[in-house]
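Heads up: the structure comes next, in structure tokens.
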2 protein chains.
Amino acid sequence: MSSDLTARARIRDAAILLFAERGIDGATIRDIAQAADVSSGLLRHHFGSKEGLRDACDEWALSELTKIGGQFTEFNTLDGLTPRIQLLQRYLIRSTMDGSPTGAAMFDRMLEYGHQWLATTDLKVADPEAFVAVVAVMKMSLFTMRDLMSRALGSDVTEPATWGRMLQATLDLFSQPLITEEQAAQARAALDRLSAGEEAS
Amino acid sequence: MSSDLTARARIRDAAILLFAERGIDGATIRDIAQAADVSSGLLRHHFGSKEGLRDACDEWALSELTKIGGQFTEFNTLDGLTPRIQLLQRYLIRSTMDGSPTGAAMFDRMLEYGHQWLATTDLKVADPEAFVAVVAVMKMSLFTMRDLMSRALGSDVTEPATWGRMLQATLDLFSQPLITEEQAAQARAALDRLSAGEEAS
DNA sequence: TAGCTTACTACACGTCTGTGTAGCGGAAAG
DNA sequence: CTTTCCGCTACACAGACGTGTAGTAAGCTA
């Protein structure tokens, strides 16, 4: 289907797919080479090592995503994600979780955008740093937990329709408070009690 | 520190720790055995295989968590988590993401509790199934993305104080709407456009 | 034509992994 | 005392992994 690409590009694409699917350690050089229909030696020839390949994938995914539009680091919009972009996101997040510096940089940028976004709202937030981090992490989780989501929804979230259901749900989630003021106050009290007890010890 | 336990228990504890930290595939039998200060053969003697060990850990973690209190599947309370329970949660979620049936069962139970919780609220939700799944996944993400969270907050989230900051932030997040009605309407429109275009194709 | 670089393959090496086997020592049962 | 079981160790095995090396064919430059 994509065999009109350079071998190098085919390797890169196959790597991103397999890395995203099985994790960095889970995908072997040989599997990637086979998926790209080349010898494992060629992979090594082009990228030097597995880490070299991973770096190249990181860089490429990041540049592709920023090229298409900064929206992947944007904070509140989750719409307009083609399966392709979805894959790139999923790869980058996976790579991030497996300790990629490029991914960490992306995460930092997400946090930065998060703070900018937070400044435009009038939300009451006790700890902006923690708040932004939590929102960022939760946003990413929609990509990380893809398998579990698909299982719960009964169909692959890569399916645009299923993806749409997920977006709809996040919209419902973010447009109204999930817990009442009383519940929040109660939880806050419990939290205070916790930190108080900890200081005492 | 915990050397007054049975060797079997020490192996189990070490396995849960290393599995949670490095993933199922990432933690080797030899590493686990060394951490438990036993030979790798003993591990095999007690648990039969690596998958046997993982099953035992799954079962034990699940039973411990349900014994301590069902709150790990409960929907809205994230407080009162000791580092120990935190670890068990983190392990079980990791195991789930790596394809454990026990973990999948736990996830299903989370969804079930989620539906029960949703019924007690008066939230406006278009797609309860998707909604509950999204909330469950996002809740779990606080455990999965532990490293990233720690990085963003500048200190390990296992630290009770840091963990408290995170809980505080989730509380802020869940007790107020993140986006305005206009923004929500706008996003909904974009979503409708998306699904309309997809039906047309 | 000759020389050199580049895309590409085949194959071997050392290491690490999960697993299998043989055996040791102590405690309990006869 | 002997037998038997159980906790436990040491060691060997096959396979998979990332990596290294040698070599082939094609295209470019002079």
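Side chains included, hydrogens not; waters and symmetry mates left out as well; all remaining heavy atoms used. A note on names: the letters A, B, ... follow the listed sequences, proteins ahead of strands, and every chain is numbered from 1.
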field: More than 12 heavy atoms from other groups under 6.0 Å of CD on Glu129(B)
entry: no
message: If you go through the side-chain atoms of Arg8(B), does one of them form a donor-acceptor pair with the base of dG7(D) closer than 3.5 Å?
response: no
- request: Please determine, for the side chain of Leu42(A), which listed nucleotide (dG18(C), dC8(D), dT9(C)) has the closest atom?
  value: dT9(C)
field: Nearest listed nucleotide, side chain of Ala7(B), among dT19(D), dC8(D), dG18(C)
entry: dC8(D)
message: Is a donor from one side chain sitting under 3.5 angstrom from an acceptor on the other, for Arg146(B) and Thr158(B)?
response: yes
message: Classify Ser39(B) by what it touches in the nucleic acid, base, sugar-phosphate, or nothing, heavy-atom distance under 4.0 Å.
response: base
- prompt: For the pair made of CG in Leu43(A) and C1' in dT9(C), what is the distance, rounded to whole Å?
  reply: 13 Å
Along DNA chain D (nearest heavy atom to each residue), the more 5'-positioned of Val38(B) and Ala27(A): Val38(B)
message: Would you call the rings of Trp163(B) and Phe143(B) parallel, tilted or perpendicular, taking 30° and 60° as the class edges?
response: tilted
For residues 45-52 of chain B, tabulate all N or O donor-acceptor pairs below 3.5 Å that involve a side-chain atom, not counting sequence neighbours.
unit_1: Ser49(B); atom_1: OG; unit_2: Glu51(B); atom_2: N; d: 3.4
unit_1: Ser49(B); atom_1: OG; unit_2: Gly52(B); atom_2: N; d: 3.1
unit_1: Lys50(B); atom_1: NZ; unit_2: Ile24(B); atom_2: O; d: 3.0
unit_1: Lys50(B); atom_1: NZ; unit_2: Ala27(B); atom_2: O; d: 2.9

- request: Could you point out which residue of Ile93(B), Leu87(B), Leu88(B) forms a side chain to side chain contact (heavy atoms under 4.5 Å, CB included) with Arg90(B)?
  value: Leu87(B)
message: With a 4.0 Å cut-off on N to O distance, would you call Arg54(A) and Asp98(A) a salt bridge?
response: no
- request: With a 4.0 Å heavy-atom cut-off, tell me which residues in residues 45-54 of chain B come close to DNA chain D, sorted by residue number.
  value: His45(B), His46(B)
